[in-house]
Number of protein chains: 2
Amino acid sequence: MKMSTGVEWAVHCCVVLSQAEDPVPAQRLAEFHGISRTYLAKHLQQLSRAGLVSSTEGRVGGYVLTRPAAEISVLDVVQAIDGHEPAFRCTEIRQNGPLPASPETCRRACGVARAMHTAEQAWRDSLRAVSVADLAAGVLEDNGPQTFDRVREWLAT
Amino acid sequence: MKMSTGVEWAVHCCVVLSQAEDPVPAQRLAEFHGISRTYLAKHLQQLSRAGLVSSTEGRVGGYVLTRPAAEISVLDVVQAIDGHEPAFRCTEIRQNGPLPASPETCRRACGVARAMHTAEQAWRDSLRAVSVADLAAGVLEDNGPQTFDRVREWLAT
DNA sequence: TCAATCGCGGATATCAGATGTCCGTGTTCA
DNA sequence: TGAACACGGACATCTGATATCCGCGATTGA
Ligand code: SF4
Ligand code: SF4
């Protein structure tokens with residue numbers, strides 16, 4: 001049970017993008033976070049395909065959020081990077097062995113699968129309740145009010 | 001984000017064990033579910049180390065639950081197999097780059113990590129609310145009242 | 001027009017962990 | 001004493017995550 005580390009990168013990038021007024025190239029986002037440029041590019045493309053960010057090509061291109069940060073939940077970012085596959089995947093072992101469950105009882109998920117899916121639903125609900133804007137506010141609280149001014153200043157360099 | 005498939009095996013084994021009156025050898029549990037004997041043995045050892053089942057060696061050995069099924073939650077089984085590591089692991093990328101966060105602000109987890117951990121807590125709470133006994137009751141409901149009689153009969157073979 | 005900068009997608013390499021097997025040891029019981 | 005069993009370690013294998021690279025097309029400013 002491990003989440004892709006790219007999720008952390010993507011979330012941080014979204015927070016930064018929420019504070020930038022111009023498109024930010026992947027190059028810049030990568031060096032700001034001290035991470036691999038080429039690999040981050042892959043994840044930004046995933047965000048793009050998910051419709052969370054939009055890209056502009058060419059000389060002064062880069063990435064911009066497509067919606068206000070308050071309308072982008074952490075769940076959106078997580079699912080854009082990590083996919084929509086549930087963590088628990090039923091192998092239907094109840095259909096194996098000397099006493100297999102009958103096909104008609106297998107039409108709906110068994111109790112085990114139901115419990116797992118309910119738990120994952122609770123997890124998703126919790127992540128959906130937090131937006132990128134909330135996170136940005138948290139950063140200000142933790143690092144001081146001028147934090148994003150410094151970020152914008154560095155991005156303009 | 002993927003849970004070990006051994007979790008499904010382990011949960012099913014616990015349900016079966018909750019209905020057996022004698023110790024059940026790994027061999028038998030494996031063929032009942034149509035899965036690998038040697039690999040399942042590994043997982044049963046993990047359950048044993050976690051204190052969920054107890055093993056008796058020797059000629060008529062096997063596995064028995066150490067507690068009533070109602071006192072074993074699905075979370076217990078999941079953590080015994082999958083470990084206690086959180087799915088989200090902070091890499092502290094806020095300390096990288098041209099504007100690193102100061103060491104004292106990094107003493108506590110940032111907003112991103114807090115949101116992730118809260119969500120995982122909700123997931124654990126949901127799994128903790130379901131016991132192996134609950135699952136066994138669900139099986140009876142899905143597969144008919146004589147299901148476990150047939151299971152016990154086969155185990156006695 | 002031309003060169004530099006940028007996003008995009010595919011191919012590829014690398015690596016860690018999950019999955020699965022095997023064997024030697026010790027233990028119990030018929 | 002031998003058969004059946006649990007246990008742990010040492011492997012082998014396979015999958016997916018991680019990471020890099022290259023060629024392409026788009027855009028912009030010199
Ligand atoms: S009992 Fe549930 S988890 Fe197990 S094989 Fe059946 S549907 Fe899948
Ligand atoms: S912002 Fe949170 S998740 Fe990101 S590096 Fe800092 S502590 Fe880790």
Side-chain angles (χ1 to χ4, degrees), chain A residues 1-10 13 17 20 22-31 33-66 78 80-83 85 87-89 91 93 155 157, chain B residues 1-10 13 17 20 22-31 33-66 78 80-83 85 87-89 91 93 155 157:
Chain A
M1 268 275 279
K2 183 172 181 303
M3 182 178 296
S4 162
T5 68
V7 169
E8 187 183 355
W9 301 2
C13 285
L17 288 179
D22 297 316
V24 185
Q27 169 74 53
R28 225 117 176 81
L29 286 171
E31 60 190 61
H33 293 115
I35 57 184
S36 153
R37 188 193 78 82
T38 53
Y39 194 29
L40 176 64
K42 284 279 181 244
H43 291 135
L44 290 171
Q45 286 172 33
Q46 289 184 275
L47 292 183
S48 176
R49 277 193 288 270
L52 300 183
V53 305
S54 102
S55 62
T56 49
E57 296 188 344
R59 188 80 164 72
V60 291
Y63 290 94
V64 185
L65 295 185
T66 55
V78 169
I81 303 297
D82 228 42
E85 286 285 304
F88 178 83
R89 293 154 204 190
T91 321
I93 62 176
L155 285 176
T157 308
Chain B
M1 268 272 280
K2 182 172 181 302
M3 182 177 296
S4 162
T5 67
V7 169
E8 185 184 357
W9 300 3
C13 286
L17 287 179
D22 297 316
V24 185
Q27 169 75 52
R28 224 105 181 89
L29 287 171
E31 59 189 64
H33 293 114
I35 57 184
S36 154
R37 188 194 78 84
T38 53
Y39 194 28
L40 176 63
K42 286 275 180 247
H43 291 135
L44 289 171
Q45 287 171 33
Q46 290 183 273
L47 291 182
S48 177
R49 277 194 288 272
L52 299 183
V53 305
S54 103
S55 63
T56 51
E57 296 189 344
R59 186 76 164 71
V60 292
Y63 292 92
V64 186
L65 295 185
T66 56
V78 169
I81 302 298
D82 227 42
E85 287 284 304
F88 179 82
R89 292 152 206 190
T91 320
I93 61 175
L155 286 176
T157 309

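Source: prediction; values computed, not measured. Just so it is clear: chains get the letters A, B, ... in the order the sequence lines come, proteins before strands, and each one is counted from 1.
- Of all the heavy atoms in Arg37(B) and Gln27(B), the pair that sits closest is CD-OE1, 2.9 Å.
- Taking CE from Met1(A) and CG from Asp82(B), the interatomic distance works out to 6.0 Å, rounded to the nearest 0.5 Å.
- Exactly one residue among Ile81(B), Leu44(B), Leu29(B), Leu40(B) makes a side-chain contact (heavy atoms from CB on, under 4.5 Å) with Trp9(B). That residue is Leu40(B).
- The interatomic distance linking Phe88(A) (CZ) with dA18(C) (P) rounds to 17 Å, in whole Å.
- Distance CD (Glu85(B)) to P (dA16(C)): 16 Å, rounded to an integer number of Å.
- Between the CD atom of Glu8(B) and the CD1 atom of Ile35(B) there is a distance of 8.5 Å, given to the nearest 0.5 Å.
- Not one side-chain nitrogen or oxygen of Ser48(B) sits closer than 4.0 Å to the OP1 or OP2 atom of dA6(D).
- Rounded to whole Å, the distance from CG on Leu40(B) to P on dC7(D) is 12 Å.
- The residue among Tyr63(A) and Val60(B) whose nearest nucleotide of DNA chain C is located toward the 5' end is Tyr63(A).
- Ala41(A) comes within 4.0 angstrom of no nucleic acid atom, judged by non-hydrogen atoms across all strands.
- A side-chain contact (heavy atoms from CB on, under 4.5 Å) with Pro23(B) is found for exactly one of Thr56(B), Leu17(B), Val53(B), namely Thr56(B).
- Rounded to an integer number of Å, the gap from CD1 of Ile35(B) to P of dG20(C) is 9 Å.
- Applying the 4.0 Å criterion to OP1 and OP2 of dT28(C), one finds that Thr56(B) has every side-chain N and O outside that range.
- One can place CG of Leu44(B) at 12 Å from P of dG8(D), the figure rounded to the nearest angstrom.
- Within the 4.5 Å cutoff, the side chain of Arg89(B) has no heavy atoms near those of the Thr5(A) side chain.
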- line: Given protein heavy atoms under 4.0 Å, the one-letter contact record of nucleotides 15-26 of chain D, with B base, S sugar-phosphate only and - none, is simply ---BBB----BB
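- Residue Gln45(B) has a polar side-chain atom (N or O) positioned under 4.0 Å from OP1 or OP2 of dG8(D).
- Interatomic distance, NZ of Lys42(A) versus OG of Ser36(A), reported as 10.5 Å (0.5 Å rounding).
- Atom-to-atom, CG of Leu52(B) to P of dA6(D) comes out at 17 Å; the value is rounded to the nearest Å.
- A straight line from CG of Leu17(A) to P of dG7(C) spans 11 Å, rounded to a whole angstrom.
- At the heavy-atom level, Arg28(B) lies nowhere under 4.0 Å from the strands shown.
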